[in-house]
Protein chains: 2
Amino acid sequence: MLTIGSLARKTGTKVQTIRYYEQIGLMPEPGRTEGGQRRYGDDELDRLAFIRHARQLGFSLEAIRELLDLSDHPHRPCLEADAIARRQLKQVEQRLARLEALRIELQRMVHECSGGQTADCRVLEVLRDHSECLTDHDEIGA
Amino acid sequence: MLTIGSLARKTGTKVQTIRYYEQIGLMPEPGRTEGGQRRYGDDELDRLAFIRHARQLGFSLEAIRELLDLSDHPHRPCLEADAIARRQLKQVEQRLARLEALRIELQRMVHECSGGQTADCRVLEVLRDHSECLTDHDEIGA
DNA sequence: GGTTGAACCTCTAGTAGCTTGAGGGTGTAA
DNA sequence: TTACACCCTCAAGCTACTAGAGGTTCAACC
């Protein structure tokens with residue numbers, strides 16, 4: 001039986017995050033000691049590891065909820081899980097492309113900075129003049 | 001004189017976002033009509049364009065606040081602006097590296113999906129088994 | 001058995017960067 | 001004058017946590 005603290009250490013999660021996952025129904029309510037402290041078994045450890053791994057891959061909590069649901073029903077077709085993963089892959093690829101464009105623009109800004117006064121600063125100038133911008137209009141929340 | 005709506009259209013911003021920027025002091029309080037509606041001039045247009053461009057490049061609102069401040073003082077040395085841009089570039093490069101690792105892992109998951117039942121689903125299996133994971137433990141909030 | 005101290009508990013509020021909604025007022029063209 | 005698109009404020013909601021206050025429990029040591 002694991003305390004919440006050791007479960008946290010084993011999975012690289014913060015204690016509060018585990019309680020948060022329980023609160024939003026992603027983790028089940030665990031057993032408790034007489035004094036009211038949570039105690040976890042291996043099932044919960046696996047489930048939390050699954051969640052954390054999926055989070056590291058950038059899946060949203062909602063996507064993870066779906067994936068866990070699929071994982072609980074081993075005889076359903078796996079098309080859905082595949083679709084979720086493909087969606088995620090597409091998002092990652094889009095983010096990569098945008099970040100790459102940003103990197104190029106930032107690098108250009110930085111390389112051209114002459115180190116003089118802000119009046120001549122290339123960084124500020126580029127930000128001021130959108131016409132030199134390589135990126136599209138829509139990308140912000142990356 | 002621009003209404004808030006036309007300013008929004010010109011800069012690709014939402015009306016509410018402009019009011020939000022005003023609320024947190026990033027945009028100045030504009031003039032108003034007798035009826036209390038906001039009216040903007042070219043200075044505000046430039047400032048908002050600057051903000052949006054910087055946001056597209058991934059700068060935080062706090063960083064933008066600093067950049068705007070520097071931009072308002074043309075005779076100060078531009079080292080600070082340069083430092084902010086370099087910091088941003090570094091972050092972008094780190095994110096790129098992590099996203100690339102994620103892309104590889106996701107692609108592997110998706111390519112190995114056989115399209116059968118969830119019991120044999122490669123996507124779920126990979127998520128379950130962290131030992132095959134290529135990524136480090138720390139990355140989540142990307 | 002008593003005492004310590006780390007780890008646990010609940011609850012509330014805060015973070016970034018907006019977005020949405022309710023409920024109502026304004027500006028302009030026909 | 002009437003229609004209606006646009007504007008106003010204020011409050012709450014979003015994701016995915018994180019931090020803190022104020023109090024309780026567990027396990028080890030003496």
Side-chain angles (χ1 to χ4, degrees), chain A residues 1-27 29-40 44 48 50-68 87-88 91 95 137-142, chain B residues 1-27 29-40 44 48 50-68 87-88 91 95 137-142:
Chain A
M1 284 298 178
L2 295 165
T3 64
I4 196 170
S6 44
L7 182 64
R9 274 189 298 280
K10 271 176 193 285
T11 55
T13 316
K14 297 212 172 176
V15 165
Q16 291 100 317
T17 304
I18 297 173
R19 288 199 280 249
Y20 170 70
Y21 288 162
E22 180 184 328
Q23 192 188 307
I24 63 170
L26 214 56
M27 287 290 288
E29 291 188 21
R32 301 264 185 160
T33 62
E34 290 202 354
Q37 297 196 355
R38 292 167 178 83
R39 288 296 180 269
Y40 295 93
E44 282 110 326
L48 183 55
F50 183 104
I51 294 171
R52 295 312 282 178
H53 191 184
R55 285 295 294 136
Q56 280 161 26
L57 289 171
F59 289 92
S60 70
L61 292 182
E62 260 326 292
I64 293 170
R65 211 186 282 276
E66 292 177 60
L67 288 169
L68 281 167
R87 212 194 302 146
Q88 186 60 23
Q91 272 180 25
R95 270 199 253 169
H137 233 308
D138 55 289
E139 186 37 36
I140 289 234
Chain B
M1 283 299 177
L2 296 164
T3 64
I4 196 169
S6 45
L7 183 64
R9 273 188 298 280
K10 271 176 192 283
T11 54
T13 315
K14 297 211 172 176
V15 166
Q16 292 98 320
T17 304
I18 298 173
R19 288 200 279 249
Y20 170 71
Y21 288 161
E22 180 184 330
Q23 190 187 308
I24 63 170
L26 214 56
M27 286 292 287
E29 292 187 19
R32 301 262 184 161
T33 62
E34 290 202 353
Q37 298 197 354
R38 291 169 178 81
R39 288 297 181 269
Y40 295 93
E44 282 111 324
L48 184 55
F50 183 104
I51 293 170
R52 295 310 283 178
H53 192 183
R55 284 295 294 136
Q56 279 161 26
L57 289 171
F59 289 92
S60 70
L61 293 181
E62 260 326 290
I64 293 171
R65 211 186 283 275
E66 292 178 60
L67 288 168
L68 281 167
R87 213 194 303 147
Q88 185 60 26
Q91 272 180 26
R95 270 198 256 168
H137 233 309
D138 56 290
E139 186 39 36
I140 290 236

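Convention: sequence-line order gives letters A, B, ...; per-chain numbering from 1. Quick note: numbers below take in every heavy atom, side chains included, and nothing from hydrogens, waters or symmetry partners.
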Residue set satisfying side chain to side chain contact (heavy atoms under 4.5 Å, CB included) with R39(A), at least two apart, ordered chain then number -> M1(A), T3(A), T33(A), Q37(A)

Task: Under-4.0 Å side-chain N/O to phosphate OP1/OP2 contact, R38(B) with dC8(D) - done: yes

Whichever of Q23(A) and R9(A) has the more 5' nearest nucleotide on DNA chain C, that residue is R9(A)

Residue set satisfying side chain to side chain donor-acceptor pair (under 3.5 Å) with E22(B), at least two apart, ordered chain then number -> R38(B)

Rounded to the nearest 0.5 angstrom, the CD-CZ distance for Q91(A) and F59(A) is 9.5 Å

With heavy-atom distances below 4.5 Å as the criterion, would you say the side chains of Y20(A) and L61(A) are in contact? yes

To the nearest angstrom, the CD1-C1' distance between I18(A) and dA7(C) comes to 13 Å

- Flag the pair R52(B) / T17(B) as yes when at least one side-chain heavy-atom distance between them is below 4.5 Å, and no otherwise. yes

| Quick check: does any side chain N or O of R19(B) sit under 3.5 Å from a backbone N or O of Q23(B), one acting as donor and the other as acceptor? | no

Rounding to 0.5 Å, atoms CG (L67(B)) and NE2 (H53(B)) come to a distance of 12.0 Å

From OH of Y40(A) across to P of dA7(C) the rounded distance in Å is 16 Å

note: Y21(A), atom OH; dT15(D), atom C1'; distance rounded to Å ~ 11 Å

M1(A) atom CE is separated from dC26(D) atom C1', nearest whole Å, by 16 Å

B/S/- along nucleotides 18-23 of chain D (protein heavy atoms under 4.0 Å) is SB----

Counting primed atoms, P, OP1 and OP2 as sugar-phosphate and everything else as base, the B/S/- map of nucleotides 22-30 of chain C against protein heavy atoms under 4.0 Å is ---BSS---

Taken to the nearest whole Å, CD/E22(B) to C1'/dC18(C) is 15 Å

Separation between CG (L26(A)) and CZ (F50(A)), nearest 0.5 Å, reads 10.0 Å

To the nearest angstrom, the CG-P distance between L2(A) and dA27(D) comes to 13 Å

Among the nucleotides dG17(C), dC8(C), dA16(D), whichever has the atom closest to the side chain of V15(A) is dC8(C)

Heavy atoms only, 4.0 Å cut-off, all strands: where does I4(B) land among base, sugar-phosphate and nothing? sugar-phosphate

Taken in chain and number order and not counting sequence neighbours, the residues that satisfy side chain to side chain donor-acceptor pair (under 3.5 Å) with E62(B) are R65(B)

Counting just side-chain N and O atoms, does R32(B) come under 4.0 Å of either OP1 or OP2 of dT9(D)?
yes

So NZ of K10(A) and CG of L48(A): to nearest 0.5 Å the spacing works out to 12.0 Å

Separation between NZ (K14(A)) and CD1 (I4(A)), nearest 0.5 Å, reads 13.5 Å

When rounded to whole Å, the CD to P distance for the pair E62(B) and dA16(C) reads 8 Å

Taken in chain and number order and not counting sequence neighbours, the residues that satisfy side chain to side chain donor-acceptor pair (under 3.5 Å) with Q16(B) are none

Separation of dT15(D) atom P from I51(A) atom CD1, nearest Å, is 16 Å

Please list each protein N or O that sits under 3.5 Å from an N or O in nucleotides 2-5 of chain D, with the distance.
none

